[in-house]
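Below you'll find the structure, written out as structure tokens, and then a few comments.
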Amino acid sequence: MSTDYQRAREELGRRLRELRHESPLGRLTGAELARRLGWPQSKISKLENGRQTPSDGDLRVWAEATGQPQVFGELSARLKGFESHIRSWRRQLASGHRAAQENYTTLVSGTRTIRAWQTGVVHGMLQTPDYARALFESRANLRNTPKDADDAVRARMKRQEWLYRPGKELHVLMLESALRVRVCSAEVQAAQLDRLLGAVGMDTVRLGVVPLDIETELTPGHAFSILDERLVTVEAWHAGLILDDAESVALYGRIWTTLARGAVYGPDAQRVIARARSGLHR
């Protein structure tokens, strides 16, 4: 999502490779280090090439296995440094929302399945242009970032082409509140809800709605998306997060599965959406 973030991750990967090559125990191959750590060799490759974010624990055992435990503090500081600020919206949106949308499209393009949870707004893949424009304008005002809503809307609509490609599946869970929160005019909101009613029948979309009046096992929490089983994106007020360590991906998978148990689908979901739409004219 952030080129700065990816660059920092690649730099950390190069440092890990350097430690493996310069080990006082002798130059280690990736296969040898994987055996010492009990990891698949693919994990060594992903970490060294900046395609996976290590955990603190990964960095500690890497330093120990290469015979250099004293460098763990340096590695940990590098990790905390780029995780703490590079994903901030201030940095991501420095040139406007369009760039952030295009970066996210790149992240999504190779994904086959997206599982998403939304609590306050409609998922971006199912937004109408007018609804998306209202959101971009609101966020730009809040964060005092460049106002490029029209360009951002075009980028988001371009990403929705993903829905019409063979082999793709979007499985969205929406808390009923996401249907009712008004970020736009009643007319725009009504058109957005009509779009959702139509999405229920799409081959590539499975839309579940969690009614507000059901008993739930978990509190709603924040919105997130799981891309295949490889990473999770989270949108917080201060930053957009990308989590790709196996433990975090597994945790969000369990959260999503638990929330899904309260969802209704098909005609039942359409009834909840229609109820929200009828409430616009009261």
Side-chain angles (χ1 to χ4, degrees), residues 1-9 53 82-111 114-165 168 170 172 174-175 177-193 195-196 199 205 221-227 231-244 252:
M1 185 175 295
S2 163
T3 55
D4 285 345
Y5 168 72
Q6 180 57 27
R7 187 157 47 246
R9 190 163 68 167
T53 304
F82 72 76
E83 286 193 330
S84 64
H85 67 275
I86 289 181
R87 299 170 181 178
S88 71
W89 289 122
R90 178 180 62 81
R91 293 176 64 92
Q92 290 192 48
L93 302 177
S95 60
H97 280 83
R98 175 186 173 181
Q101 290 301 303
E102 291 175 342
N103 285 339
Y104 191 69
T105 295
T106 299
L107 195 66
V108 165
S109 60
T111 302
I114 299 174
R115 291 181 291 160
W117 166 245
Q118 294 289 152
T119 60
V121 298
V122 172
H123 191 272
M125 284 287 195
L126 300 176
Q127 289 175 9
T128 65
D130 288 339
Y131 183 91
R133 182 175 293 103
L135 286 176
F136 286 128
E137 290 174 348
S138 171
R139 297 295 193 267
N141 289 333
L142 171 68
R143 294 169 176 142
N144 196 28
T145 53
K147 295 175 172 57
D148 64 341
D150 288 343
D151 288 341
V153 168
R154 281 190 284 272
R156 177 162 285 180
M157 295 304 107
K158 178 73 173 175
R159 184 163 71 248
Q160 290 184 4
E161 294 176 4
W162 181 93
L163 290 171
Y164 304 97
R165 296 175 187 161
K168 305 298 186 181
L170 175 67
V172 176
M174 297 174 57
L175 190 63
S177 57
L179 308 174
R180 296 179 175 274
V181 172
R182 287 279 301 280
V183 296
C184 52
S185 68
E187 292 74 19
V188 170
Q189 188 87 350
Q192 177 60 73
L193 294 177
R195 161 77 166 136
L196 292 180
V205 176
H222 51 68
F224 62 87
S225 294
I226 305 171
L227 279 57
L231 60 84
V232 178
T233 63
V234 178
E235 182 171 336
W237 284 110
H238 73 294
L241 311 177
I242 300 176
L243 310 172
D244 63 358
Y252 275 88

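- Atom CD1 in Ile114 sits 6.0 Å away from atom CG in Leu170 (nearest 0.5 Å).
- In terms of modelled atom types and a separation under 3.5 Å, the side chain of Arg156 and the main chain of Ala132 share no donor-acceptor contact.
- Side-chain atoms of Arg182 and Gln189 include no donor-acceptor pair closer than 3.5 Å.
- Across all their heavy atoms, Pro146 and Ala140 have their closest contact at O-CB, 4.1 Å.
- Between the side chain of Ser138 and the backbone N or O of Ala134 there is no donor-acceptor pair closer than 3.5 Å.
- Across every non-hydrogen atom of Arg165 and Ser109, the tightest pair is NH1-O, 4.3 Å.
- To the nearest 0.5 Å, atom CZ of residue Arg139 and atom CG of residue Asn144 are 15.5 Å apart.
- Nearest heavy-atom pair across His97 and Asp148 is N-OD1, 2.9 Å.
- Applying the salt bridge (Lys or Arg N to Asp or Glu O under 4.0 Å) criterion to Lys147, with sequence neighbours excluded, gives no partner residue.
- Side-chain atoms of Thr119 and His222, non-hydrogen and from C-beta on, never get closer than 4.5 Å to each other.
- Here the OG atom belonging to Ser225 is positioned 4.0 Å from the OH atom belonging to Tyr104, to the nearest 0.5 angstrom.
- Shortest non-hydrogen contact noted between Gln192 and Gln127 is OE1-CA, 3.2 Å.
- Rounded to the nearest 0.5 angstrom, Arg154 CZ and Glu102 CD are separated by 10.5 Å.
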Quiz item: Taking it one step at a time, do Lys168 and Leu163 satisfy side-chain contact (heavy atoms from CB on, under 4.5 Å)?
Solution: CA-CA 6 Å; Lys168 305 298 186 181; Leu163 290 171; over 6 Å; no
Self-check item: CA sep, side-chain torsions, deciding dist, call: Arg133, Phe136, side-chain contact (heavy atoms from CB on, under 4.5 Å)
Solution: CA-CA 5 Å; Arg133 182 175 293 103; Phe136 286 128; 5.7 Å; no
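- In this structure, a donor-acceptor pair under 3.5 Å is present between the side chains of Arg9 and Thr53.
- Heavy-atom minimum distance, Ala178 versus Tyr131: O-OH, 4.3 Å.
- Interatomic distance, CD of Gln118 versus CG of Leu175, reported as 10.5 Å (0.5 Å rounding).
- By the 30° and 60° cut-offs, the orientation of the rings of Tyr252 relative to Phe224 is perpendicular.
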Quiz item: Can you list the steps and then say if Val172 with Met125 is a side-chain contact (heavy atoms from CB on, under 4.5 Å)?
Solution: CA-CA 9 Å; Val172 176; Met125 284 287 195; over 6 Å; no
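- For the pair Leu231 and Leu107, the minimum side-chain heavy-atom distance is below 4.5 Å.
- Inter-residue side-chain proximity for Leu135 and Val121 is flagged as met; some heavy-atom pair is nearer than 4.5 Å.
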Self-check item: Worked verdict on Leu196 versus Leu193 for side-chain contact (heavy atoms from CB on, under 4.5 Å)
Solution: CA-CA 5 Å; Leu196 292 180; Leu193 294 177; 4.1 Å; yes
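- Using a distance-only test at 3.5 Å, with no hydrogens or angles considered, no donor-acceptor pair links the side chain of Trp117 to the main chain of Ile226.
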